[in-house]
Amino acid sequence: MRFTTVAFALIVFIVVFSIFVANLANLIGIDKQLSNRLDAASNDGQQRHHKQLKLDDQHNHLMWFLQVSDIHISMYLDPARVPQLIEFCNRTVDIISPSVVLASGDLTDAKTSNFLGSQQHEQEWRWYHEVLRDTNVLNKTVWLDIRGNHDNFNVPALQARQDLFTNYSAQGKYHTRSYMQQLVAGGERYTFIAVDACLDPGPKRPFNFVGMLSRNETQHLINLAERSRELETNYTIWFGHYPTSCILTPGLGTGGIRNLIGRYREAYAYLSGHFHTLGGAVPRMYTLQEEGFLELELGDWMRNRRYRLAAFDHGLFSFVDVHHNQWPVVLVTNPKDALFNIPGKEDLQSIKDSTHIRMLIFSPAKIVECQAKIDGAGWQDCKRASHQLFVVPWEPSRYKRGLHKLLIYVLDADGRSRVVEQQFTLDGSRLQFDFLAKLVLMYDTNKVFQTFFSVALIIYLVPLCVFRIWHTLVRRGTLTRPRLRTMCCGGWIRKMWILSTVDRLMFPIVGYCLYLTCGPWSIGEVIDGHMGVVFVWGIFVNNAFLPGTLTYLYGFFQLMLCQLPLTIIFANNVVRRYNPRYRPVKYQQDRLAMYIGAEVINVEKVRNDDSKLEITLELLMQWYDAFLHWNKRTSGNIETINVAEQDLWTPTFAAKSFHKSPRIQSTKQCSRVKCHLSYDGEVIYTVLCTFKVDCYTEPRYWAFDTKICTLRIYSVEYDTNQLSLFHFQRRLSYPSYPLLPYKITSFQMATVNSTMSPEFRMDIVIERLIGSHLVVFLVLIVILCLLNLFSLWFNINSSARTITAVLGTVMQSMFLVILYWYGIVKMKPVIPLAHLLLGSFAFGAIACGWTYFVRGQISTRKRFTTCPRTVAQVIGFLRKNRPLASFLSIGYLNGTSTEGKLANDWEDTRVQQNTPTAVDNERQQDDDMTSSGNEECDVVHWQEVVQPLDRILFCALLTAYLLMFIVYVC
């Protein structure tokens with residue numbers, strides 16, 4: 001759709017423009033020269049293979065070193081840092097005797113006294129220099145230090161006056177930026193490459209968090225790595241202050257510095273600091289990069305006083321992180337911890353072929369006990385191979401499969417003990433690093449911050465732009481307005497929709513987002529004495545461009561924590577400019593004039609037993625809203641709009657019968673609400689309501705009774721000083737056609753404002769009618785009833801009897817279905833007629849069933865099957881009465897003479913055979929008839945009793961029909 005395309009095109013342009021500017025250097029393309037050199041280094045590395053060394057109990061091919069990071073020597077915080085650093089340089093370094101000590105950045109704190117600003121303090125650097133000088137640590141070991149971001153705060157250029165690292169550090173006077181240090185120990189050559197990724201120039205806080213390697217510095221690092229390879233180094237350790245996820249490397253592509261380190265097979269690990277374990281959230285921030293080297297972030301010295309002991313033992317790299325003054329220090333070098341295996345660089349075969357478990361143990365006191373055990377085996381005593389190396393014989397073949405647990409117990413002469421537990425494997429099984437550690441170290445921090453900012457920008461802008469364009473298309477008639485009631489979060493959608501239509505708010509909101517993305521945030525001294533311009537995508541300062549990093553995160557927080565809540569407040573206030581809970585008058589003391597009227601839609605039900613009327617009315621109200629109006633000339637000549645009921649003030653009335661009923665009904669229960677708003681503020685409000693009204697009854701004859709019903713509709717919220725009701729000026733009337741089965745003969749409306757609450761009264765007079773359709777239905781029912789009765793006057797075996805019985809039953813069933821459908825769907829008064837027809841159908845079914853039953857009895861193989869004794873006795877009893885006997889003896893309309901004679905002489909047949917006289921007295925005849933009936937009951941057949949039973953059934957049905965019609969009429 002058009003509006004979707006336009007809205008998203010705008011947002012995509014903003015986001016893409018920001019990312020384009022932020023990654024301008026990367027978009028130019030990867031430096032082909034750097035890429036070619038790295039490819040060549042990778043190919044050369046594939047051909048280099050380390051010789052396999054056998055791990056035994058000899059002290060050779062072994063080297064260990066220390067790392068300390070984030071010292072943060074401060075003039076204002078924690079004065080114990082310097083004394084404990086002195087203790088580390090004196091005592092710890094003396095005990096461990098490392099070949100190298102790596103100080104990976106943030107040597108000083110460089111904060112102002114209020115801890116908000118940043119400034120290089122020469123006193124902090126003097127303290128650091130004095131620690132190195134007074135402890136003579138530079139003569140004990142090789143001290144390799146490197147800049148951190150705090151060491152680069154407010155430094156306009158390298159080797160400037162503010163660049164105190166150059167003057168006071170151990171390596172600053174020899175190396176301007178990144179450098180390399182080689183040493184030979186234990187018959188192997190080791191290389192340490194320091195990566196200086198500090199920004200040049202170095203801005204103040206908070207814009208100095210992420211590092212960057214320029215193309216020249218990247219070229220310099222490649223030269224160092226190539227030189228190390230030319231010197232036939234065996235193992236290389238890269239270290240720096242920033243983790244690889246915080247280093248921008250223009251020209252190296254998406255892989256960045258990881259791509260550079262991973263191309264050199266001799267590179268085993270990259271050691272860093274900077275993150276301070278994220279405040280303790282990730283205490284073990286380690287991972288194996290996809291390029292094939294370990295990246296290990298060290299917790300800070302500043303608060304945690306942590307340092308790292310690492311070692312190369314016959315080509316296996318191991319390490320342990322230790323708290324200061326925590327003794328003994330134990331580092332197991334064989335078998336290596338399974339979590340830190342480096343596939344492709346470390347050969348597990350050397351562990352399988354080893355003969356001893358090897359460990360380095362350091363303590364100020366003598367080690368008096370050292371034991372080791374694997375899994376559930378027994379403890380074995382360790383053997384001291386040298387001053388620091390302890391070994392235990394073992395059989396690796398017993399542990400070829402799966403993961404196994406190694407336990408080391410160490411006790412020194414001062415009673416200090418240490419238990420070390422680690423898992424190892426000989427089949428290459430892998431353990432998983434902590435998820436947060438992988439997330440922090442393996443992802444590009446700058447890309448993550450950019451994504452956060454972009455997503456926040458889209459979440460913030462897209463709804464407003466879409467609603468704005470959608471609203472424009474709705475006004476033009478291109479699209480229809482959505483039904484917000486049926487949508488999820490309809491209330492918030494409505495608020496944002498309204499906000500997007502207010503130009504004085506919409507344009508500043510969108511303009512602010514555009515400015516936040518494209519315009520400068522601030523102009524000032526980003527570095528003392530140097531003016532700079534800060535954008536979200538970078539900083540221009542001292543004739544240099546520093547790509548934006550944390551600025552994206554600041555922009556994200558600005559949008560989500562400041563701008564979005566502010567927009568929500570705007571949306572709420574825009575909606576609350578018009579409050580539908582208050583009367584639409586400019587001044588609360590003003591009275592609102594309302595015109596009200598009603599129109600009868602239908603009479604739903606009239607209950608005669610308690611004189612109640614259920615009637616459906618359409619209430620029509622009109623008033624003028626003082627706040628809702630617009631200029632139709634500037635709005636496309638829109639004069640009238642439909643408004644949702646909840647969006648404007650509408651009255652709530654209560655309804656009550658004028659007479660005895662205490663029942664109170666509310667117009668809130670009404671349905672089919674319609675609100676029409678005109679440009680001049682006129683509101684037309686209609687609702688469809690069904691009320692139950694008590695009535696006075698004036699009984700006449702049935703079907704012509706008159707009921708007088710009065711309904712009061714009044715306000716429960718406002719009195720007559722706040723709301724006045726007037727009769728509607730429009731001609732409102734009740735329908736002239738009959739609302740079957742009733743007709744409204746009078747409908748009077750009036751408004752009453754003399755009471756406490758304004759009222760609207762309606763007097764309704766209704767009269768019950770017999771509708772033409774009801775008469776037709778009733779006549780048809782009577783005809784079908786007569787047809788049921790008429791069928792009994794045909795001979796039981798005749799086709800006329802069959803036709804009338806079946807025809808009556810089928811017609812009644814079809815008519816019954818039609819009546820019930822018509823009564824349910826069309827006219828409820830037809831329902832009683834359907835009930836009446838249902839009774840007639842039941843009786844007709846009885847007559848039809850009787851016919852087929854008797855015919856079945858007569859048509860059996862035994863001719864003239866006898867009837868039950870009880871039937872014959874009942875007939876004989878009824879014939880004692882002369883009128884009944886005459887009625888029962890009436891023949892069928894289509895009967896033969898033989899059948900008539902049989903019927904007439906049914907009781908006298910056997911008497912005439914035994915009596916010689918033809919005439920006897922009446923009493924004797926009755927006795928003979930009775931005795932004849934009793935004597936012959938055993939031989940009476942169905943053929944003989946069908947006619948009298950038909951007459952009896954006729955009388956029963958006729959009586960039932962009369963009772964049904966009497967009940968219906970009454």
Side-chain angles (χ1 to χ4, degrees), residues 19-45 105 146-149 152 155-160 163 165-166 175-180 193-203 207-230 236 238-264 267 270 272 289 291 293 444-447 449-450 527 532 535 537-549 551:
I19 297 176
F20 172 79
V21 176
N23 298 277
L24 187 60
N26 287 333
L27 291 176
I28 294 174
I30 300 175
D31 190 304
K32 294 298 181 182
Q33 182 180 1
L34 296 179
S35 178
N36 294 335
R37 292 190 64 184
L38 290 179
D39 291 339
S42 178
N43 294 332
D44 185 29
I146 193 72
R147 284 187 183 87
N149 59 315
N152 196 42
V155 176
L158 296 178
Q159 296 183 334
D163 183 16
F165 176 84
T166 303
H175 308 288
T176 306
R177 295 292 301 265
S178 302
Y179 61 90
M180 178 187 73
I193 298 179
V195 180
D196 187 349
C198 289
L199 298 177
D200 183 20
F207 303 113
N208 197 337
F209 181 78
V210 176
M212 183 182 71
L213 293 175
S214 64
R215 292 175 184 268
N216 292 334
E217 191 64 21
T218 303
Q219 188 75 38
H220 178 57
L221 285 173
I222 295 177
N223 293 336
L224 293 178
E226 292 295 333
R227 182 184 171 193
S228 171
R229 177 169 289 181
E230 292 173 359
T236 301
W238 295 66
F239 73 98
H241 178 69
Y242 299 95
T244 58
S245 59
C246 285
I247 300 177
L248 304 177
T249 53
L252 287 182
T254 57
I257 190 174
R258 299 174 190 144
N259 189 27
L260 191 157
I261 299 174
R263 295 300 179 95
Y264 294 89
Y270 177 81
S272 65
Q289 295 290 354
E291 289 76 8
F293 64 91
D444 190 335
T445 304
N446 193 45
K447 292 291 192 301
F449 292 165
Q450 289 179 9
I527 302 173
F535 296 85
W537 32 266
I539 302 173
F540 290 97
V541 60
N542 198 20
N543 298 322
F545 172 72
L546 305 177
T549 50
T551 49

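Keep in mind that the numbers below use all heavy atoms, side chains included, and drop hydrogens, waters and symmetry copies. Note that the structure is predicted; figures quoted are calculated from it, not measured.
Between the side chain of N149 and the main chain of N208, a donor-acceptor pair closer than 3.5 Å is present. Side-chain atoms of T445 come within 3.5 Å of backbone atoms of S245 as a donor-acceptor pair (strictly under, hydrogens ignored). R147 contributes no side-chain N or O that, together with a main-chain N or O of H241, makes up a donor-acceptor pair within less than 3.5 Å. Without hydrogens or angle criteria, D163 side chain to L158 main chain gives no donor-acceptor distance under 3.5 Å. In terms of modelled atom types and a separation under 3.5 Å, the side chain of E217 and the main chain of S178 share a donor-acceptor contact.
Atom-to-atom distance recorded for L546:CG and L199:CG is 5.5 Å, nearest 0.5 angstrom. Atoms CG and CE, on N446 and M212 in that order, are 11.0 Å from each other to the nearest 0.5 Å. Note: L224 CG to R229 CZ = 13.5 Å, rounded to the nearest 0.5 Å. Atom OH in Y264 sits 6.5 Å away from atom CH2 in W238 (nearest 0.5 Å). Within the model, atoms OG1 of T249 and CG of N259 stand 8.5 Å from one another, a figure rounded to the nearest 0.5 Å. The CG atom of L213 sits 12.5 Å away from atom CD of Q219, with the distance rounded to the nearest 0.5 Å.
Scanning all heavy atoms of the two residues, the minimum distance from I527 to P203 falls at CG1-CA, 3.7 Å. What you find for P201 and P156 is that their closest heavy atoms are CB-O, 2.8 Å. Considering every non-hydrogen atom in both A267 and F293, the closest pair reads O-CB, 3.9 Å. A pairwise comparison of heavy atoms in T176 and Q159 identifies OG1-NE2, 3.5 Å as the closest pair.
Side chains of D196 and H175 form no contact here, defined as non-hydrogen atoms less than 4.5 Å apart. Considering only heavy atoms from C-beta on, V195 comes within 4.5 Å of Y270 through its side chain. Residues L260 and I222 meet the side-chain proximity criterion, which asks for heavy atoms closer than 4.5 Å. Put simply, the side chain of T551 reaches to within 4.5 Å of the side chain of F207, judged on heavy atoms.
For the residue pair N223/R227, the side-chain donor-acceptor check at 3.5 Å is not satisfied.
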**side chain to side chain contact (heavy atoms under 4.5 Å, CB included) evaluation trace for I261 with Q289** = CA-CA 10 Å; I261 299 174; Q289 295 290 354; over 6 Å; no
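Using the six-membered ring where Trp is involved, F545 and W537 have ring planes that are tilted, between 30° and 60° apart.
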